[in-house]
Amino acid sequence: MKKVVLVYSGGLDTSVCIPLMREDYGYNEVVTVTVDVGQPIEDIRQAESKAQIMKTEHYTVDAKEEFARDYCFKAIQANGDYQGYPMSTSIARPIIAAKAVEVAKKIGATSFAHGCTGKGNDQFRIELGIRTLLPEALIHAPVRERNMTRSWEIEYAQKKGVPIQQSLEKIWSIDENLWGRSIEGGRLEEPDFAPPEEIFQWTKNAKLAPDHPLEVAIRFHNGQPVAIDGQEASAATLIKKMNHLAGECGVGRIDVMEDRLMGLKVRENYECPGATVLLKAHAALEALVLTRDELRFKKIVDGEWSRMAYEGLWWDPLKDDLEAFIAQTQERVEGSVKLRLFKGSCQVVGRSSLWALYSEELASFDTATFDQRESTGWVKNFGLQARLYQHLRLKSGR
Ligand code: ARG
């Protein structure tokens, strides 16, 4: 029995892979794996029913909590951001690869297939993930290998009885999980085309958002959110709740130019309401508790972490090294942040922590603990080298 594990979303690209694997790649059994990372339940159900129609052995793996805890929360600790994008699609790929490998090991398969095109980042992330966790893996990427076009896929699907949806999916290519929603395709590819309102599903238009600001308080422990407005919940629940609260206020629309791994510049639209607020709150708390030098250095570490996460280098030793540094800093990232969400904007309006490196005694205008006179010598000698340099220039006339 030749078995292949197909990383399956239920969309057109992955659905045409089913007959292709059987007829052209010589597998007698196609095993479809759909990993639930918080995409709409209808998408999961659709994948399941298509799998049933096309008679594959199907697995739906619920990875929501693991994704939230070990991927999204790690991204929070690292202030995960790539060119203004919280990497919602990017960080879901390694866990999808990992779950596909888990299923493959269980059923004794070493062949895989996925529906990624040859232009994007996902082919790198998914294949690297699978090869890292199962070195002997053989991976097929039919869409890429056969240079398929969408019209060819539709025609082939109709010929082979692959069910296809007549839906928005046809105009916009959408990828969703707990951490965000990405919308691509159609005219959105033109950098100068303003995104039409219809592409947004998670975020209200700021004009229609409530006329009163919403205040939320987020409590952190170890650099990870643990409660919203005093209510503790699991990682996935917290993210979902924040997505809802922020989305209602029109927070989290992102429109960026993005440099893909291969160097392709593309225009991308995202809705990441929860991520936007949680990342902002986390950074505000770090600014309160970490030293100036830690903050400066961590920016470099966070930037490297983000690049690696974007590229799918999830199991790279450098990423572990960076995370060791990050983990040490996060021990003090504990406390609460208050934010005001109002018609598309998200502002930090308060922060508190036991670890605050802030002393009212020292900073206040009204106390005498800090003897101002002691600053005199420091001020006088500040910037000594710059002054010497400018004096030399003045003297030499050059
Ligand atoms: N450019 C983003 C990334 O590489 C997301 C792309 C996925 N979007 C999609 N509609 N399939 O992380």
Side-chain angles (χ1 to χ4, degrees), residues 7-17 34-35 37-40 43-44 46-47 67 71-72 74-75 78 80-97 114-129 141 143-144 148-150 153 165 167-191 193 195-196 198-203 252-273 275-276 279 303 305-314 319:
V7 183
Y8 192 53
S9 69
L12 180 64
D13 289 333
T14 48
S15 293
V16 297
C17 289
T34 302
V35 183
V37 279
Q39 62 272 51
D43 290 13
I44 308 242
Q46 187 194 98
F67 177 56
Y71 293 74
C72 304
K74 258 192 187 167
D81 172 277
Y82 180 79
Q83 300 184 330
Y85 157 47
M87 307 187 290
S88 42
T89 293
S90 332
I91 60 170
R93 294 336 190 197
I95 190 170
I96 290 172
H114 62 75
C116 301
T117 71
K119 288 189 186 174
N121 298 316
D122 289 338
Q123 50 181 339
F124 291 92
R125 299 166 180 150
I126 289 186
E127 291 197 24
L128 175 60
V143 178
R144 180 182 73 208
M148 284 184 203
T149 60
R150 227 161 162 79
E153 288 178 30
Q165 261 69 40
S167 70
L168 272 183
E169 172 190 19
K170 296 196 65 178
I171 319 170
W172 316 115
S173 158
I174 290 159
D175 181 67
E176 266 177 83
N177 63 50
L178 283 172
W179 207 224
R181 179 167 180 271
S182 92
I183 316 109
E184 297 178 313
R187 287 201 65 193
L188 285 175
E189 286 170 1
E190 302 167 32
F193 176 75
E198 65 165 85
I199 70 163
F200 300 110
Q201 262 178 30
W202 287 17
T203 55
R253 293 187 179 184
I254 299 165
D255 181 344
V256 285
M257 289 308 298
E258 185 175 308
D259 291 296
R260 284 194 188 154
L261 197 154
M262 286 191 290
L264 214 62
K265 237 185 223 306
V266 285
R267 192 276 189 89
E268 297 279 2
N269 275 276
Y270 301 103
E271 291 182 281
C272 303
T276 300
L279 286 165
W305 188 93
S306 297
R307 182 190 56 79
M308 300 188 92
Y310 182 77
E311 295 189 352
L313 294 163
W314 198 259
K319 185 168 158 292

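The figures here come from the full heavy-atom set of this structure, side chains too, leaving out hydrogens, waters and symmetry mates. This structure is a prediction, so every number in the text was calculated from the model and none was measured. Note that ligands are numbered from 1 as they come in the structure, with each ligand's atoms numbered from 1 the same way.
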*asked:* Restricting to salt bridge (charged side-chain N to carboxylate O under 4.0 Å, His left out), what partner residues turn up for R144, sequence neighbours left out?
replied: E127
_Using only atom types and a distance under 3.5 Å, with no angle test, would you say the side chain of E153 pairs donor to acceptor with the backbone of M148?_
no
_Residue by residue, ordered by chain and number, which ones reach under 4.0 Å of ligand 1 with a heavy atom?_
Y85, T89, S90, N121, R125, S173, I174, D175, S182, E184, E258, E268, Y270, Y310
*Do W314 and Y71 have ring centroids that are under 6.0 Å from one another?*
yes
*asked:* I need the Q83 CD to K265 NZ distance, nearest 0.5 Å.
replied: 6.5 Å
_Heavy-atom closest contact (G312 atom, R125 atom, distance)_ = CA-CG, 3.7 Å
*Axial cation check for Y310 ring with R260, 6.0 Å and 45° limits*: no
